[in-house]
Protein chains: 2
Amino acid sequence: MPTTESASRTVAGLASELGLSVLRLRRRLSLEQHPGNPLSLSQMTVLGTLYRHGEMTLGDLAAHERVQPPSMTRTVGVLGAGGYVRRHQSSTDGRVQLITITERGISTLLADRKRRDAWLTQALIHLTADERSILRAAAPILDRLANDD
Amino acid sequence: MPTTESASRTVAGLASELGLSVLRLRRRLSLEQHPGNPLSLSQMTVLGTLYRHGEMTLGDLAAHERVQPPSMTRTVGVLGAGGYVRRHQSSTDGRVQLITITERGISTLLADRKRRDAWLTQALIHLTADERSILRAAAPILDRLANDD
DNA sequence: TATTGTTATACTCTATAACTATA
DNA sequence: TATAGTTATAGAGTATAACAATA
């Protein structure tokens, strides 16, 4: 029976193990973080992206989040209905919808993050400082893997 | 506007960034790895767990994968219909369903992993050796975060 | 009664295809 | 014609509630 350690010695093995780890952790994150949070993890990433990048078109937002436009239309629709984002047409191109995060979106994002990260923070506290350093170094690499073309 | 680097300096910030990174990478993995693969990432993790642990009850499998029993009933049903796993009642407890991976399940698991990991492997190749080392060290830590209580 | 697993049902996130409005 | 976004529809994966069978 292969173990994480032995399988990770090759690049392909690392890819495989990383995929499984990411899936399981993601599942746990979206379950464990939910109670009491008004927004899903997906919705929060959209708010986070808008918070960082400022005004974006719906298409750019979809591309950044790696979802298809109809999916983003829906997500933005829900966020807009809740008052977390605002949309307005571009003055130079009537087809384009520009999306911005509202004050309410920002405060919700920050508050939600706090609550949402509670258990992961708790879990991280139980790691050694070295292990946290590894994760701190790994996070941006994971992000690049998710976003690079 | 916060950046990944600045936000990660605190434990809570690390938790937040890690959560976002994991979500995005997971989304990309399940999209990019799909074409040509008969099994979903979720189904594969079940096969992987059975491959490692050998015979398991449906309940233990659900607990290990962190899903509710009805979800696992469905997943195992699909895998059983495809001939990837076999189920038989416990001889000592008529309520218990014991699940094992079949030869077909094993060969499919190994073959699927190869194809499924193709793009991630490709992405990993573009990293530096140091970056790969970080991920190699991070994978088991992520797994512990996902599985520890 | 308590436990294991199943059935019935519903929700979230995502996709593709077809469409509208604008360029 | 081509592009930006929407509407309609569907599928995968998950959940909760209620149930059946067994302990």
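Since we're looking at a predicted model, the values are computed, not measured. All heavy atoms count here, side chains included; hydrogens, waters and symmetry mates do not. Every chain is numbered from 1 and lettered A, B, ... according to where its sequence line falls, protein lines coming before strand lines.
Nucleotide dG13(D) holds its P atom 13 Å from the CD atom of E65(B), rounded to whole Å. The distance from atom CE of M44(A) to atom C1' of dT12(C) is 17 Å, rounded to the nearest whole Å. In this structure, L39(B) places its CG atom 19 Å from P of dG11(D), rounding to the nearest Å.
Between S42(B) and dT14(D) there is a side-chain polar atom (N or O) within less than 4.0 angstrom of OP1 or OP2. Checking the phosphate oxygens (OP1, OP2) of dG13(D), no side-chain nitrogen or oxygen of T75(B) falls inside 4.0 Å. Phosphate proximity of dC13(C) to S40(A): present, with a side-chain N or O under 4.0 Å from OP1 or OP2.
Linking Ile, Leu, Val, Met, Phe, Trp and Tyr residues whenever their side-chain heavy atoms come within less than 4.5 Å leaves L61(B) and V78(B) in two separate clusters.
Residue contacts shown for S71(B) include a base, since a base heavy atom lies under 4.0 Å away. Among the atoms of the strands shown, base atoms are found under 4.0 Å from some heavy atom of Q68(A).
Nearest to the side chain of P70(A), among dT14(C), dT4(C), dT16(C), sits dT16(C).
Annotation: proximity of residues 86-94 of chain B to DNA chain C (heavy atom, distance under 4.0 Å) is found for R87(B), numbered in ascending order.
Mapping R95(A) and R74(A) onto DNA chain D by nearest heavy atom places R95(A) at the nucleotide closer to the 5' end.
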